[in-house]
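Reminder, nothing fancy here: chain letters follow the sequence lines and each chain counts from 1.
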Amino acid sequence: MALPQVRVRFAPSPTGYLHIGGVRTALFNWLFARHHGGKFILRVDDTDQARNVHEALQPIMDGFKWLGIDWDEGPGMGGPHAPYFQSQRSDIYAEAVEKMLGDGYAYRDFSKPEEFAAERQTAEKEKRQFIYSRTWMAETEDEVKKFEAEGRESVVRLKMPREGKCEFSDMVRGDMSFEWGGEQDHVIQRKDGSCLYHLTSVVDDGAFEISHVIRAIEHLPNTPRQIFIAQSLGLELPIYAHLPFVAEPGSSHKLSKRKLDKYLKNRDFKVLYDHGENIAQKIGYSASPETFNPVIVDFYREIGFLPDAIINYLLLLGWSLDDKTEDFTRAAMIQEFSLDRINKAPASFDPQKLTSFQSRYMWRLEMKEKLDMVLPYLEKSGLIQSPPTEEIKSKVRAILEAANERISFAGDILDYTELFLADDAFEYEEKAFRKRLVNAEAQRDLLVKLRNVLPDITDFSAENLDNYLHTFVEREGVGMGMIVHAIRVAITGKAVGFGLFDIMSIIGKAGCKNRIDRALQLVAQQQ
RNA sequence: GGCGCGUUCGUCUAGUGGUCUAGGACGCUGGCCUCUCACGCCGGUAACAGGGGUUCGACUCCCCUACGCGCUACCA
């Protein structure tokens, strides 16, 4: 069987944000297209909200661009089947509706909404399946005139078959079979002439020559009526593949951006969110829950995630190559991706695992790339000048080298603000200060001794400081632990951090002296 | 209610009738390393939803039940 040209699409409705679940669906489409050398098309499903489409679409396109998911046809790209906005294709849909009407696959329905609803309610009350009586169906001109004379208005409904089965094969689910009789006469055109999703989607899939429809599982029950529309219009059917949805962390509910409050009760989710919020605060980013939310791609961009880490994580959410491979470059995932290794069960979004991918990707980065990622955060927070001087850059480079795996998100560089603030401007953590300085007399005395010999140290490299301090404690007849903590707190204000000798070297001799003096002074004040 | 889909460690998953006393990863956890934290290394914890079949043999095939989710819109 020769595979036709692969053409797939992702059809977002412009909502103003890019949802992580949507990215996963788009990713699978994109990978499938790239794997087969086909086309990935972006179509804008804006039949409902014609207003502000541009504004609402921009974040979605920006998100995809950032993630490196590019489209061959669609907004900003054009293409042989333009326009790619459904709001600009009404004539095409109207024509399709006329054709279906003419061929008897659809009919004008003059029922009033309340009449139709009444029928449905009756059926529900009697606990039987609702099937429209078609009492107000008009198929001839005379019938139309008769109903119009009564002052009725019409919509166009599908004239669904009521017998037999709709059978099709799904590339993820296998063979599917639905009773036609279970289907409703869905409305495809409103009385104002605008068309509904099922119609527009099928018409466009046909027009764009979509070969494979890869979408979320919630569309599976919609498939029979879409097949009916496609067949009525004489369109070739695409091959369907329905993806399991992305669920909330630790639950089987579909991930939704509206339930942020609820997700924050999940520990792992909250950890990620708080981490992000902390960074956002330091760079003065106003965190609106509309977009600053771990369900939305913008969140990750703001706090310094790597697109590749997100993509790699998402790839494995419902797909796997084998029992061990986890790291995929773009080239590798394009090479290996196939629909038949997609899982059937919903996959729940795990913030911890995403974070672990991010950390690994971050650690592996070349120094230059890491530096480029991190500098904007220092600039935005006002800790360094913009653009940074070479001197600052080499300082940041030294910090990155020393901090190493401690930086997982680019914004984590802001955990080391004390290394950029003036010697008398950073703050001391109260608890650490008390424990390591105020209530540690012996250690403090050692610190004083060290401070006094500080000017004698000519080589302030980390390596030499290491040697020097080891000799120093040896001479004093104590362990390293006796001096290290006091120094750390005195010069950084914190109880934890990366290697002390690195920190000292980065702060420099004068800085260390100033900071130790300041700390000792503060201790004196407290006593 | 009807129809449909799904169900392996807490989570992502491997597994297509015997190689499974079920493998990997994240997490959690014990230890080592060590100036703290992190990294790293070594070890541990933990799963086939339940019940019936089919079969010499079932995580794998069939049926039922339970649970979860979705669709059943003049939303997409």
Side-chain angles (χ1 to χ4, degrees), chain A residues 11-13 15 45-49 86 109 113 116-117 120 123-130 153 155-157 170 172-173 176-179 181-184 186-192 194-198 200-201 215-225 242 244-245 247 249-254 267-268 313 316-327 341 343-357 359 363 403-408 415 432 436 466 469-470 473 479-489 492 494-501 503:
Chain A
S13 66
T15 48
D45 279 15
D46 57 349
T47 49
D48 214 28
Q49 51 238 306
Q86 292 200 320
D109 178 46
F116 192 85
R120 195 201 325 261
E124 270 169 28
K125 210 173 289 171
E126 292 170 8
K127 297 204 167 175
R128 61 179 165 80
Q129 206 216 321
F130 168 58
E153 292 177 307
V155 296
V156 177
R157 287 185 185 277
D170 184 291
V172 175
R173 314 275 144 187
M176 291 293 121
S177 172
F178 291 81
E179 294 286 341
E183 286 291 316
Q184 300 297 331
H186 284 92
V187 173
I188 53 173
Q189 188 177 40
R190 298 186 183 94
K191 68 182 176 198
D192 68 2
S194 63
C195 292
L196 276 334
Y197 168 73
H198 294 299
T200 61
S201 182
R215 61 189 358 175
I217 183 85
E218 60 254 39
H219 291 288
L220 182 59
N222 297 335
T223 307
R225 52 188 176 263
H242 287 97
F245 60 79
S251 128
S252 52
H253 290 76
K254 191 179 147 190
R267 207 184 95 234
D268 303 336
Y313 170 71
L316 265 12
L317 212 52
W319 181 88
S320 66
L321 176 64
D322 53 30
D323 60 341
K324 41 183 69 85
T325 316
E326 289 226 316
D327 288 359
R341 290 206 56 89
N343 236 74
K344 290 188 172 79
S348 87
F349 179 79
D350 181 354
Q352 284 192 136
K353 189 135 186 177
L354 205 209
T355 300
S356 92
F357 270 98
S359 299
W363 301 341
N404 211 271
E405 298 90 356
R406 272 158 276 239
I407 291 181
S408 288
D415 285 345
R436 298 301 188 186
D466 191 341
L469 278 177
H470 272 96
V473 292
M480 277 298 275
M482 284 296 284
I483 184 74
V484 152
H485 304 293
I487 303 176
R488 182 187 298 282
V489 173
T492 69
K494 292 175 180 171
V496 300
F498 49 82
L500 182 69
F501 313 120
I503 296 177

Participant: How far does the P atom of C5(B) sit from the matching atom of G23(B), given to the nearest Å?
Facilitator: 32 Å
Participant: Taking G43(B) as the reference, what is the distance to C35(B) when you measure between their C1' atoms (whole Å, please)?
Facilitator: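 Those two atoms are separated by 26 Å.
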Participant: Name the nucleic acid region contacted by Pro12(A), choosing base, sugar-phosphate or nothing; use a 4.0 angstrom heavy-atom cut-off, strictly under.
Facilitator: nothing
Participant: Could you tell me whether the phosphate oxygens of C69(B), OP1 or OP2, come under 4.0 Å of any side-chain nitrogen or oxygen in His253(A)?
Facilitator: yes
Participant: U11(B) P sits how many Å from Gln352(A) CD, rounded?
Facilitator: 13 Å
Participant: Would you tell me whether Arg157(A) and His186(A) have side-chain atoms, one donor and one acceptor, within less than 3.5 Å of each other?
Facilitator: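 Arg157(A) vs His186(A): no donor-acceptor pair found between side chains.
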Participant: Measure the distance from NZ on Lys127(A) to C1' on G1(B) and round it to the nearest whole Å.
Facilitator: 6 Å
Participant: By nearest heavy atom, map Phe178(A) and Val496(A) onto RNA chain B; which one lands nearer the 5' end?
Facilitator: Phe178(A)
Participant: Please tell me which of the listed nucleotides, A38(B), C74(B), C35(B), lies nearest to the side chain of Glu405(A)?
Facilitator: A38(B)
Participant: Atom CG of Asp350(A) and atom P of C26(B): how far apart are they, to the nearest Å?
Facilitator: 11 Å
Participant: Find the distance Arg190(A):CZ to C74(B):C1' and express it as a whole number of Å.
Facilitator: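 Taking CZ of Arg190(A) and C1' of C74(B), I get 6 Å after rounding.
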Participant: Which is more 5' along RNA chain B, the nucleotide nearest Arg341(A) or the one nearest Trp363(A)? Just name the residue.
Facilitator: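 Comparing both residues, the 5'-ward one is Arg341(A).
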Participant: In whole Å, measure the gap between the C1' atoms of G24(B) and U34(B) for me.
Facilitator: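 30 Å, rounded to whole Å.
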Participant: Of the candidate nucleotides G6(B), U72(B), C5(B), which contains the atom at the shortest distance from the side chain of Gln184(A)?
Facilitator: U72(B)
Participant: Parallel, tilted or perpendicular: which one describes the rings of His470(A) and Phe501(A), with boundaries at 30° and 60°?
Facilitator: tilted
Participant: Roughly how far, to the nearest 0.5 Å, is the CD1 atom of Ile217(A) from the NZ atom of Lys254(A)?
Facilitator: 11.5 Å
Participant: Under 3.5 Å for both donor-acceptor distances, Watson-Crick or wobble: does C39(B) have a partner, and if so which one?
Facilitator: none
Participant: Take Ile503(A) and Phe498(A), measure what side chain to side chain contact (heavy atoms under 4.5 Å, CB included) needs, and give me the verdict at the end.
Facilitator: CA-CA 7 Å; Ile503(A) 296 177; Phe498(A) 49 82; 3.4 Å; yes
Participant: At under 4.0 Å between heavy atoms, what does Asp268(A) touch on the DNA or RNA strands: base, sugar-phosphate, or nothing?
Facilitator: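 Touches nothing.
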Participant: Which base, if any, makes a Watson-Crick or G-U wobble pair with C56(B), both distances under 3.5 Å?
Facilitator: G18(B)
Participant: Can you check the distance between G31(B) and U11(B), where both ends of the measurement are the P atom (answer in whole Å)?
Facilitator: 27 Å
Participant: Rounded to the nearest 0.5 Å, how far apart are CG of Asp268(A) and CD of Gln352(A)?
Facilitator: 3.5 Å
Participant: Taking N and O atoms by type only, does the side chain of Lys324(A) place a donor or acceptor under 3.5 Å from a partner on the base of A14(B)?
Facilitator: no
Participant: Using a 4.0 Å heavy-atom cut-off across all strands, classify Asn404(A) as base, sugar-phosphate, or nothing.
Facilitator: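 Nothing, no nucleic acid heavy atom in range.
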Participant: Under a 3.5 Å threshold, yes or no: a donor from one side chain and an acceptor from the other, between Arg190(A) and Ser194(A)?
Facilitator: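 Yes, Ser194(A) and Arg190(A) have a side-chain donor paired with an acceptor closer than 3.5 Å.
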Participant: Taking any heavy-atom pair under 4.0 Å as a contact, classify Gly479(A): base, sugar-phosphate, or nothing.
Facilitator: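 No contact.
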Participant: Of all the choices, C12(B), C35(B), C5(B), which nucleotide is nearest to the side chain of Leu317(A) once you look at every atom?
Facilitator: C12(B)
Participant: With distance as the sole criterion, is a donor-acceptor pair present between the side chains of Arg173(A) and His242(A) under 3.5 Å?
Facilitator: no
Participant: U7(B), U36(B), A76(B): which one has an atom nearest the side-chain heavy atoms of His485(A)?
Facilitator: U36(B)
Participant: So what does Gly481(A) hit on the nucleic acid, given a heavy-atom distance under 4.0 Å: a base, only sugar-phosphate, or nothing?
Facilitator: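 The answer is nothing, as Gly481(A) stays clear of every strand by at least 4.0 Å.
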Participant: Which is true for Phe357(A) with a 4.0 Å heavy-atom rule: it touches a base, it touches only sugar-phosphate, or it touches nothing?
Facilitator: nothing
Participant: Round to the nearest Å and state the distance from Leu316(A) atom CG to A14(B) atom C1'.
Facilitator: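 It is 12 Å, rounded to the nearest whole Å.
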Participant: Scan His242(A) against the nucleic acid and name what it touches under 4.0 Å (heavy atoms): base, sugar-phosphate only, or nothing.
Facilitator: nothing
Participant: Give the nucleotide from the list G24(B), C37(B), U36(B) with an atom nearest to the side chain of Arg406(A).
Facilitator: C37(B)
Participant: Side chain of Glu326(A) only, please: which of A25(B), A38(B), U13(B) is the nearest?
Facilitator: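 The closest nucleotide is A25(B).
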Participant: Where the side chain of Arg488(A) is defined as all heavy atoms beyond and including C-beta, which of C71(B), C35(B), C28(B) is the nearest nucleotide?
Facilitator: C35(B)
Participant: For the side chain of Ala347(A), starting at C-beta, report the closest nucleotide among C35(B), A76(B), U13(B).
Facilitator: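 Nearest nucleotide to the side chain: U13(B).
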Participant: Tell me the partner of C71(B), counting only Watson-Crick (N1-N3 plus N6-O4 or O6-N4) or G-U wobble (N1-O2 and O6-N3) with both under 3.5 Å; none if nothing fits.
Facilitator: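 WC or wobble partner is G2(B).
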Participant: Which is true for Ala495(A) with a 4.0 Å heavy-atom rule: it touches a base, it touches only sugar-phosphate, or it touches nothing?
Facilitator: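 Result for Ala495(A) = base.
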Participant: Between C33(B) and A14(B), how many Å separate the two P atoms, rounded to a whole number?
Facilitator: 39 Å
Participant: Using the P atom in both, what is the distance from U8(B) to C69(B), to the nearest Å?
Facilitator: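 Taking atom P in both U8(B) and C69(B), they lie 15 Å apart.
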Participant: For Asp415(A) and C37(B), give me the distance from atom CG to atom C1', rounded to whole Å.
Facilitator: 11 Å
Participant: Look at the side chain of Lys344(A) and decide which nucleotide, out of G6(B), C26(B), C35(B), has an atom nearest to it.
Facilitator: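 Of all the options, the side chain of Lys344(A) is nearest to G6(B).
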Participant: Indicate whether OP1 or OP2 belonging to A76(B) is found under 4.0 Å from a side-chain N or O atom of Thr47(A).
Facilitator: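 So the side chain of Thr47(A) is within the cut-off, an N or O lying under 4.0 Å from OP1 or OP2 of A76(B).
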Participant: Any Lys/Arg nitrogen of Lys353(A) or Glu326(A) sitting under 4.0 Å from an Asp/Glu carboxylate oxygen of the other?
Facilitator: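 Salt bridge: yes.
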Participant: Expressed as a whole number of angstroms, how long is the span from Met482(A):CE to U36(B):C1'?
Facilitator: 16 Å
Participant: Would you indicate what Tyr313(A) reaches in the nucleic acid, counting non-hydrogen atoms under 4.0 angstrom: base, sugar-phosphate, or nothing?
Facilitator: nothing
Participant: C12(B), OP1 or OP2 - any side-chain N/O from Ser348(A) closer than 4.0 Å?
Facilitator: yes
Participant: Between the base of C5(B) and the side chain of Arg173(A), is there a donor-acceptor distance below 3.5 Å?
Facilitator: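 Answer is no: no donor-acceptor pair is held.
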Participant: In whole Å, measure the gap between the P atoms of G4(B) and U19(B) for me.
Facilitator: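 Going atom to atom, P in each nucleotide, I get 35 Å.
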Participant: Between C1' on A38(B) and CG on Leu500(A), what's the gap in Å once rounded to a whole number?
Facilitator: 15 Å
Participant: The side chain of Phe501(A) lies closest to which of these nucleotides: A76(B), C35(B), A38(B)?
Facilitator: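 It is C35(B).
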Participant: Taking atom P in both A49(B) and U13(B), compute the distance separating them and give it to the nearest angstrom.
Facilitator: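 The same atom, P, in both gives a distance of 15 Å.
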Participant: Suppose we define a pair by two distances each less than 3.5 Å, Watson-Crick or G-U wobble; what does U11(B) pair with here?
Facilitator: A25(B)
Participant: In this structure, is the centre-to-centre distance between the rings of Phe116(A) and Phe130(A) below 6.0 Å?
Facilitator: yes
